[in-house]
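Computed from heavy atoms alone, side chains included, the values below leave out hydrogens, waters and symmetry copies. Just so you know, residue 1 is the first one in the sequence shown, and it goes up from there. Keep in mind it's a predicted model, so treat the numbers as computed, not measured.
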Amino acid sequence: MTSEYVWPADQAVLAKLDWWRDQKFGVIIHWGPYSRLGVVESWTLCQEGEDFMARPEPWQDDPDGYREFYEKLPEGFDAPAFEPDRWADACAAAGMRYVVFTTKHHDGFAMYDTRLSDYKSTTTPLGRDVAAEVFDAFRAHGMGVGVYFSKADWHHPDYWTPDLPTPDRHANHADPVGWRRFTDFAHGQIEELLTCYGPVDVLWLDAGWVKPPREDLDLPRLAARARELQPGILVVDREVHGPQEDYRTPEQTVPGELQPFPWESCITLGPSWYTAGPGETYKSAGEIVRLLCRIVARGGNLLLGLGPDHTGALPDAVHERLAEIGAWLGTHDEAIYGTRPCEPYETDDLVFTRRADTVYAIGLRVDLDEVRVPLPQPPRTVRLLGHDGPLDWKADDGEVIVRLPGGHRARHAFALSLTMSPAPTH
């Protein structure tokens, strides 16, 4: 698997990739008319029998009736609480540096004003170009923008041809003429997103089953055109390893060790990729902080998945967690952003990052009184982020022993900053 990663040759892409690796923390927002049902995005249209694809009452045994019902969901999509500025405010306050927004999920419903289909947010009672407003709101906070786009389209007649069975997620025909039409359609929609919606940093392509030989969407041509329209843009062809995968995106999991390529774990705050309804449980702010620290120490980014409910609002519990995460990052940001992994990477209680001559030892347990940091040479200075007073520390036999000050207990995690002597130049 690792040998299949291809480093970009385009210098603009390499520069953008270096920028992206500095950002560390992003948000992916799923939202669409499916939020009216509280189901797992558009997956309930699929008939592969997985639990998350289960159709709601009373359509469990009526896939055709459910599809007809589902495709009419936009007729009631009004979202009176849709305020993208509030989303952006909360995510920026949480310390997130970029957004990936679902412009189109597998159901083919466009959350933007595409000229190539009437199945879109501007023809609903909401009547708004959702993606345009989201991107503008997040850019106003200086955040990067990523376009999520599903390569599949279960609404398009040249992907799921009417009157033919749809036994699984794949295109349900083998008509080369129809597939060429669909390919042109998909390329055309992406061209709209990359020409009419401002600067885009990432094209985040989902539906990894859409790939050669069965479903060849001509990704080399699509990626080349994307880079003509948006020089330096990062292209992520999820689950399809090769030159159109500028970084990898493990889902709901974290690699167990340092990886030899750029990567980003996409992990949900709650049980699903968006807010399905009242009573949901969410990971705690502490879980997310410690998850972020482990991911960054292993060389990755965290893309935290969340989304509004059917009204367009993020639940109060989501706002609370984002604010708590942001409070921690407000004190410990220098140990996270713009850093790179640092040996020994992890011990039982610590993970490590580095920027220039400074090593950060991040403690994932806050009940410790003493910390032992393995370092091959003594540091010049030792600081505890968020603590202004001096520290009691000493270097001894390849490690630095630090007594944490009494009464000082960081929430969720703490970070020591150890400034090393520069390496000799001659």
Show every ring pair (Phe, Tyr, Trp, His ring centres under 6.0 Å) that has at least one partner inside residues 287-330, sequence neighbours left out.
W328-H332
Any residue meeting side chain to side chain donor-acceptor pair (under 3.5 Å) with E228, in chain and number order, not counting sequence neighbours:
R225
Can you name the residues that form a salt bridge (Lys or Arg N to Asp or Glu O under 4.0 Å) with D129, not counting sequence neighbours?
none
N/O donor-acceptor pairs under 3.5 Å from side chains in residues 296-306, not counting sequence neighbours:
{"residue": "R298", "atom": "NE", "partner": "E346", "partner atom": "OE2", "Å": "2.4"}
{"residue": "R298", "atom": "NH1", "partner": "P255", "partner atom": "O", "Å": "2.8"}
{"residue": "R298", "atom": "NH2", "partner": "E346", "partner atom": "OE1", "Å": "3.3"}
{"residue": "R298", "atom": "NH2", "partner": "E346", "partner atom": "OE2", "Å": "3.0"}
{"residue": "N301", "atom": "ND2", "partner": "W20", "partner atom": "O", "Å": "3.1"}
{"residue": "N301", "atom": "ND2", "partner": "Y98", "partner atom": "OH", "Å": "3.3"}

List in chain and number order the residues that pass salt bridge (Lys or Arg N to Asp or Glu O under 4.0 Å) with D18, two or more places apart in sequence or in another chain; answer none if no residue qualifies.
R340
Looking at the rings of Y5 and W7, which for Trp means the six-membered one, are their centres under 6.0 Å apart?
yes
H30 and its ring pair (Phe, Tyr, Trp, His ring centres under 6.0 Å) partner, picked from W43, Y148, F101:
Y148
Residues at least two apart in sequence or cross-chain that pass salt bridge (Lys or Arg N to Asp or Glu O under 4.0 Å) with D158, listed by chain then number, are R181
What pairs with D216 under salt bridge (Lys or Arg N to Asp or Glu O under 4.0 Å), at least two apart in sequence or on another chain?
none
With sequence neighbours left out, write down each residue that passes side chain to side chain donor-acceptor pair (under 3.5 Å) with Y159, or none if nothing qualifies.
W209, E215
Taking atom CG of L45 and atom CZ of R169, what is their separation to the nearest 0.5 Å?
12.5 Å
T161: which residues meet the side chain to side chain contact (heavy atoms under 4.5 Å, CB included) condition with it, sequence neighbours left out?
L164, N172, H173
Full working for side-chain hydrogen bond (donor to acceptor under 3.5 Å, both in side chains) between R355 and Y360:
CA-CA 8 Å; R355 183 191 293 107; Y360 298 96; 3.3 Å; yes
Just jot down the side chain to side chain donor-acceptor pair (under 3.5 Å) partners of Y66, sequence neighbours excluded, or say none.
T44
E48, CD atom: more than 12 neighbouring heavy atoms under 6.0 Å
yes
Any side-chain heavy atom of E264 sitting closer than 4.5 Å to one from I295?
no
What's the spacing between D349 CG and F414 CZ if we round to 0.5 Å?
8.0 Å
Would you be so kind as to tabulate the donor-acceptor pairs closer than 3.5 Å made by side chains of residues 68-86, with sequence neighbours excluded?
{"residue": "Y70", "atom": "OH", "partner": "D107", "partner atom": "OD2", "Å": "2.6"}
{"residue": "E71", "atom": "OE1", "partner": "H155", "partner atom": "ND1", "Å": "3.4"}
{"residue": "E71", "atom": "OE2", "partner": "H155", "partner atom": "ND1", "Å": "3.2"}

Non-hydrogen side-chain atoms of L385 and S417 separated by less than 4.5 Å:
yes
Residues which pass side chain to side chain donor-acceptor pair (under 3.5 Å) with K120, listed by chain and number, not counting sequence neighbours:
D113
